[in-house]
Amino acid sequence: MALHPAPARIDRSAEERDASGLLDSVAADPATRVLVVRGDAAPVLDSPDGAPVLALADVADVGGHPHWAFLGRDDDGAAVLLAAVPADAEPLGAEASWRSIREVGALLARAQLDALVVGVALGRWLVEAPFCPACGTLTALAQAGWSRHCPGCGREHFPRTDPAVIVAITSADGERLLLGANAAWKGRMYSCFAGFVEAGESLETTVHRELQEEAGVRVDRIRYLGSQPWPYPRSLMLGFLASAVDDDEARADGTEILDVRWFTRGEIGEAFAGRGPIALPGAVSIAHGLIRAWYEGA
């Protein structure tokens, strides 16, 4: 069994997806490689310098009955397939281990992280959504794994993406940052405030509603900073920085958020250095990026 380091870049080559028999034809090509995903994890190798590298397999080495999709082509024009396997699948080769986005994402090269996120997001949809949500009929794959056609009612279905806002709140003077301890983390980590966009909401409306609900804070000067696909389970995180109207309004909702606290740059610096009483989100997350952007004055 051979495992290969993932290429520096994968071109999605979306124009090929409608080609008849694409999955079969590229699977028969010995140059084709496969990104295998199991839940939110994929096989990862340790390179000679110790850095993790996303590993690809040969088609013949992927056993069982995976769900297949066409991810694109590498810089040499070779096809890269996705194989989504069951949760109990064994690692592909003793030299590789299953590693999740949260575990290894911050250490992978950017292009490999992008490939892993795409693979996990698409792979979960392939495994978890085989039936038509409208009529319950088993759907047929189309567009080389990127859509499904329902033979019962004729509907077309695509991987679901749920938009969510995530917000770093500064004090009115910009010198402090408000973070919250989520109940899911049992109060051990402080992070930005986040929530899903509800039906009929704009992003700005969601920001105001979520911050009122979770932290009791009214905000202004809302600024969009960037986004991150985050397949937990299928989110697109839209990052904002906002300023509190009144710093004294901050309070935790007591249900989802156990505590809210204002931090100085010095305290955030200590947390980034691994010192002090609190932990911050891992470097792979947009929450980390928002906090660091404020800390560095970007």
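Just so it is clear, the values below take in all heavy atoms, side chains as well, and ignore hydrogens, waters and symmetry mates.
Of the inter-residue distances, the one linking Asp29 atom CG with Thr32 atom OG1 reads 4.0 Å to the nearest 0.5 angstrom. The distance from the NE2 atom of His208 to the CG atom of Leu203 is 11.5 Å, given to the nearest 0.5 Å. Separating the CG atom in Leu178 from the OH atom in Tyr190 is a distance of 10.5 Å, to the nearest 0.5 Å. The distance from the OG1 atom of Thr139 to the CZ atom of Phe131 is 8.0 Å, given to the nearest 0.5 Å.
The two residues Asp173 and Arg176 make their nearest non-hydrogen contact at OD1-N, 4.3 Å. When every heavy atom of Ile10 is checked against every heavy atom of Pro7, the shortest pair comes out as CG1-CG, 3.8 Å.
If you run side-chain contact (heavy atoms from CB on, under 4.5 Å) between Trp294 and each of Leu177, Leu225, Ile169, only Leu177 comes through.
For the pair Thr264 (side chain) and Glu267 (backbone), a donor-acceptor distance under 3.5 Å is present. Counting only distance, with no hydrogens or angles, the side chain of Gln228 and the backbone of Met237 share no donor-acceptor pair below 3.5 Å. Counting only distance, with no hydrogens or angles, the side chain of Arg148 and the backbone of Leu126 share a donor-acceptor pair below 3.5 Å. Of the possible polar contacts, one joining the Glu103 side chain to the Ser100 backbone as a donor-acceptor pair under 3.5 Å is found. Within the 3.5 Å criterion, the main-chain N or O of Thr255 finds a donor-acceptor partner in the side chain of Asp253. In this structure, the side chain of Arg33 engages the main chain of Pro30 through a donor-acceptor pair within 3.5 Å. Checked by atom type and distance alone, the side chain of His288 pairs as donor or acceptor with a backbone atom of Pro281 at under 3.5 Å. Formation of a donor-acceptor pair under 3.5 Å by the Arg160 side chain with backbone atoms of Ser235 is not found in this model. For Glu210 (side chain) and Ala215 (main-chain N/O), no donor-acceptor pair under 3.5 Å exists by modelled atom type. Proximity of a side-chain donor or acceptor of Arg124 to a complementary backbone N or O of Arg234 within less than 3.5 Å is not detected.
With contacts defined as side-chain heavy-atom distances shorter than 4.5 Å, the pair Asp46/Val53 does not qualify. Counting heavy atoms from C-beta on, the side chains of Phe158 and Gln143 come closer than 4.5 Å. Residues Thr137 and Pro151 meet the side-chain proximity criterion, which asks for heavy atoms closer than 4.5 Å. Residues Asp58 and His4 have side chains in contact (heavy-atom distance under 4.5 Å, counting atoms from C-beta outward). A 4.5 Å side-chain heavy-atom check between Asn182 and Glu256 finds at least one atom pair inside the cut-off. Residues Val260 and Leu179 are not in side-chain contact: their nearest non-hydrogen atoms beyond the backbone lie 4.5 Å or more apart. Between Tyr232 and Ile101, some side-chain heavy-atom pair lies under the 4.5 Å cut-off. Counting heavy atoms from C-beta outward, Val34 and Leu82 have side chains that stay 4.5 Å or more apart.
A single hydrophobic cluster is seen to contain both Val26 and Trp68, as judged by linkage of ILVMFWY side chains at heavy-atom distances under 4.5 Å, directly or through other members. Linking Ile, Leu, Val, Met, Phe, Trp and Tyr whenever their side-chain heavy atoms come within less than 4.5 Å leaves Phe193 and Phe196 in two separate clusters. Residues Met189 and Ile291 do not share a hydrophobic cluster, defined by chaining ILVMFWY side chains whose heavy atoms lie under 4.5 Å apart. Cluster annotation: Phe240 is not connected to Leu280 through the hydrophobic network of ILVMFWY side chains, with a link wherever side-chain heavy atoms come within less than 4.5 Å. The hydrophobic clustering, which links ILVMFWY residues whose side-chain heavy atoms are closer than 4.5 Å, places Leu236 and Ile166 apart.
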- Take Leu122 and Trp146 through the test side-chain contact (heavy atoms from CB on, under 4.5 Å) and record every step on the way to the result. CA-CA 8 Å; Leu122 183 58; Trp146 285 88; 3.6 Å; yes
- Item | Worked verdict on Cys192 versus Val167 for side-chain contact (heavy atoms from CB on, under 4.5 Å) | CA-CA 6 Å; Cys192 303; Val167 190; 5.8 Å; no
- Item | Leu290 and Leu241: CA distance, side-chain angles, deciding distance, side-chain contact (heavy atoms from CB on, under 4.5 Å) verdict | CA-CA 7 Å; Leu290 293 173; Leu241 189 67; 5.8 Å; no
- Would you sort out whether Glu156 and Ser147 count as a side chain to side chain donor-acceptor pair (under 3.5 Å), showing the intermediate values? CA-CA 7 Å; Glu156 301 294 327; Ser147 69; 4.5 Å; no
- Item | Derivation of the side-chain contact (heavy atoms from CB on, under 4.5 Å) call for Leu3 and Leu56 | CA-CA 6 Å; Leu3 288 173; Leu56 302 184; over 6 Å; no
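Between Arg261 and Asp259 there is no salt bridge, since none of the side-chain N atoms of the basic residue sits less than 4.0 Å from a carboxylate O of the acidic one. A salt bridge links Glu175 and Arg265; the closest N-O separation between the charged side-chain nitrogens and carboxylate oxygens is under 4.0 Å. Remark: Arg9 does not engage Asp74 in a salt bridge, criterion side-chain N to carboxylate O under 4.0 Å.
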